[in-house]
Amino acid sequence: MDPQLDGSWVTPDRFRRQLRLLRSHYNIVTPSQVRLWCKGGGALPTRAVLLTCDDGLANAVTDMLPILQEEGLSCLFFVTSRSLAEEASMLWYEELYLTLLEVPEGVLEGSFCGVPVKAYLNRSVPQRTSTWHVMVETLSACDAQARLGCARAIRDEFHFPQDWSIQYSRQEASRFRVLTVSEIRQLLGAGMEIGSHTISHPKLSQLPAESSWREIAESRRDLEKALGVPVWSIAYPFGGIDSVSDREVQMAQKAGYDCAFINFGGGFRKDTNFFGIPRVHISMKTTEPEFEAHVSGLHKDLRRCFGRGEQIPYA
C-alpha cells in the first residue's frame, strides 16, 4: 500500500481506518517476513499484506509513524539518497509543480538549466498541471542536474524570493520536504525498514543505461553507508509501465537487492517476479469500497478480463 502519490496524501484519520480495515480482513506482514520469503526462507500467511510508502517525505515521521506505532505495525519506507544531503530539499517534480503554480500568467519560454520550455500558463490549475506533466516527461530523459535545477532556473527568471522554498520545509509543510538522515534513523529506531528509491527519483527507463544503473546501484551503497543497515529492496520511481522496463528489473537484481517493487498490477502471488513485485496504489481519492476491491484482487482480475492488464515492458 502506498499512501502518497500524484501530489496527494491520505489523511491521518483515513490512514488509520484503512489500517484497521486491513487488520480485520488480512494478515499484515513485516518487511522482514517478505525479505525472508523472497530469499526462499519462509512462507507468507494467506491474505498477506505488506505496508510500503514511497518518496521518503517528512510526513512519514510527523503523520504516519505515530499511527503505525499506535497500531503496532511496521512499514517499508523507500527513500531517495537526496535525504543524505545536508540542506532540506524537495523531490524535483514536486518542486517543479509548486513553482509552476506561482509563475505569473503568460508565456513561459526559454532554456532552463539546458531544458527548452515553451508554454502558455493561464490561471487554471488543471492547465498548469497539464504543462507540468509535459515538462516531467521532458525532464525524465535529462540528467539529474537538469531535473534538479530546472525549477530553480524558472524561479530565477521570474525573480522569486531566494528563500522561496522555506515555506515547504516547515513542520506543517512536511508533505513536501524529504526526510533528513536523523528522521530516517527515527523510523529505523521505531522498527520500520528502509529501501532505496534511487538517488534523484527519475523515470529510470527513460535514462541511458549507465545513468539508470547509477541511480539503482549507488543509491543502495550510499544509504547503507550512511545508515549502517542493509538496504535490501528498491521501489522504482513513479513505478508505472512507462518508467520501468525489463532492463531495470535486471539491474536491480545485479545491484544486489533481494526484491523490487512496481506501482501497478495488484497483489503478489507465488509466481511473482521478486524484482517486479506489484502493489496497490492508494491515494486521497480512493474510497473504502475501491480500497477493498484493490486489496482483494478484484480490480486486477476485472482489468485482466477486459484486456487492460499491465506488464513490465522490455527495454
Among the clusters formed by ILVMFWY side chains lying less than 4.5 Å apart, do [X] and [Y] turn up in the same one?
| X | Y | result |
| --- | --- | --- |
| Leu101 | Leu121 | yes |
| Leu76 | Val29 | yes |
| Val34 | Val229 | yes |
| Ile154 | Val125 | yes |
| Leu36 | Leu73 | no |

Please check if any side-chain donor atom of [X] sits under 3.5 Å from a side-chain acceptor atom of [Y], or the reverse.
| X | Y | result |
| --- | --- | --- |
| Glu193 | Ser74 | no |
| Ser32 | Thr30 | no |
| Arg279 | Asn263 | yes |
| Arg220 | Ser196 | no |
| Glu248 | Ser245 | yes |

Under 3.5 Å: donor-acceptor pair, side chain of [X], backbone of [Y]:
| X | Y | value |
| --- | --- | --- |
| Tyr257 | Gly195 | no |
| Arg177 | Ala58 | no |
| Arg23 | Glu71 | yes |
| Gln33 | Gly42 | no |
| Asn27 | Thr46 | yes |
| Glu215 | Ile199 | yes |
| Thr80 | Ser200 | no |
| Asp55 | Leu57 | no |
| Arg123 | Glu105 | no |
| Trp132 | Tyr93 | yes |

Nearest heavy-atom pair of [X] and [Y]: which atoms, and what distance?
| X | Y | answer |
| --- | --- | --- |
| Ile262 | Gly276 | CD1-O, 3.6 Å |
| Asp258 | Phe275 | O-CZ, 3.6 Å |
| Val79 | Gly56 | CG1-CA, 3.8 Å |
| Trp232 | Pro31 | CH2-O, 3.3 Å |
| Glu157 | Phe112 | CB-CE2, 3.8 Å |
| Ala146 | Cys142 | CB-CB, 3.8 Å |

Decide yes or no for [X] and [Y]: does some side-chain heavy atom of the first lie under 4.5 Å from some side-chain heavy atom of the second?
| X | Y | value |
| --- | --- | --- |
| Val178 | Leu91 | yes |
| Cys259 | Trp37 | no |
| Leu50 | Phe261 | yes |
| Leu108 | Phe158 | yes |
| Val244 | Leu204 | no |
| Pro230 | Glu224 | yes |
| Pro237 | Pro202 | yes |
| Phe78 | Ser233 | yes |

When the ring planes of Tyr168 and Phe176 are compared, do they come out parallel, tilted or perpendicular, using 30° and 60° as the limits?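 Perpendicular, since the angle between the ring planes exceeds 60°.
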Tell me whether the rings of His201 and Phe238 are parallel (<30°), tilted (30 to 60°) or perpendicular (>60°). perpendicular
Once you round to the nearest 0.5 Å, how far does [atom1] of [X] lie from [atom2] of [Y]?
| X | Y | atom1 | atom2 | result |
| --- | --- | --- | --- | --- |
| Arg14 | Ile67 | CZ | CD1 | 13.0 Å |
| Tyr120 | Gln127 | OH | CD | 8.5 Å |
| Ser130 | Met135 | OG | CE | 12.0 Å |
| Met64 | Phe15 | CE | CZ | 3.5 Å |
| Leu96 | Leu148 | CG | CG | 11.5 Å |
| Gln186 | Leu65 | CD | CG | 6.0 Å |

Only residue of Leu68, Ile28, Leu19 satisfying side-chain contact (heavy atoms from CB on, under 4.5 Å) with Cys75 is Leu68
Starting from the C-alpha separation in whole Å, work towards a yes-or-no answer on side chain to side chain contact (heavy atoms under 4.5 Å, CB included) for Val103 and Arg128. CA-CA 10 Å; Val103 170; Arg128 291 176 182 240; 4.2 Å; yes
Are Glu95 and Arg82 ion-paired here, with the side-chain N under 4.0 Å from a carboxylate O?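 Arg82 and Glu95: not salt-bridged.
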Any ion pair linking Asp13 and Arg16 (charged N to carboxylate O, less than 4.0 Å)? yes
Gln145 atom CD, neighbour heavy-atom count above 12 within 6.0 Å: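 Counting other residues, nucleotides and ligands, CD of Gln145 stays at 12 neighbours or fewer.
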Is it the case that over 12 heavy atoms from other parts of the model lie below 6.0 angstrom from the CD atom of Glu210?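 Counting neighbours around CD of Glu210, 12 or fewer heavy atoms of other residues, nucleotides or ligands fall under 6.0 Å, so no.
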Stepwise side chain to side chain contact (heavy atoms under 4.5 Å, CB included) test for Arg175 and Glu94: CA-CA 10 Å; Arg175 158 67 186 84; Glu94 295 201 322; 2.7 Å; yes
Run the numbers on Leu179 and Leu187 for side chain to side chain contact (heavy atoms under 4.5 Å, CB included), then give the verdict. CA-CA 10 Å; Leu179 290 161; Leu187 291 174; 3.8 Å; yes
Going through the checks in order, is the side chain to side chain contact (heavy atoms under 4.5 Å, CB included) test met by Leu21 and Tyr26? CA-CA 8 Å; Leu21 176 64; Tyr26 300 91; over 6 Å; no
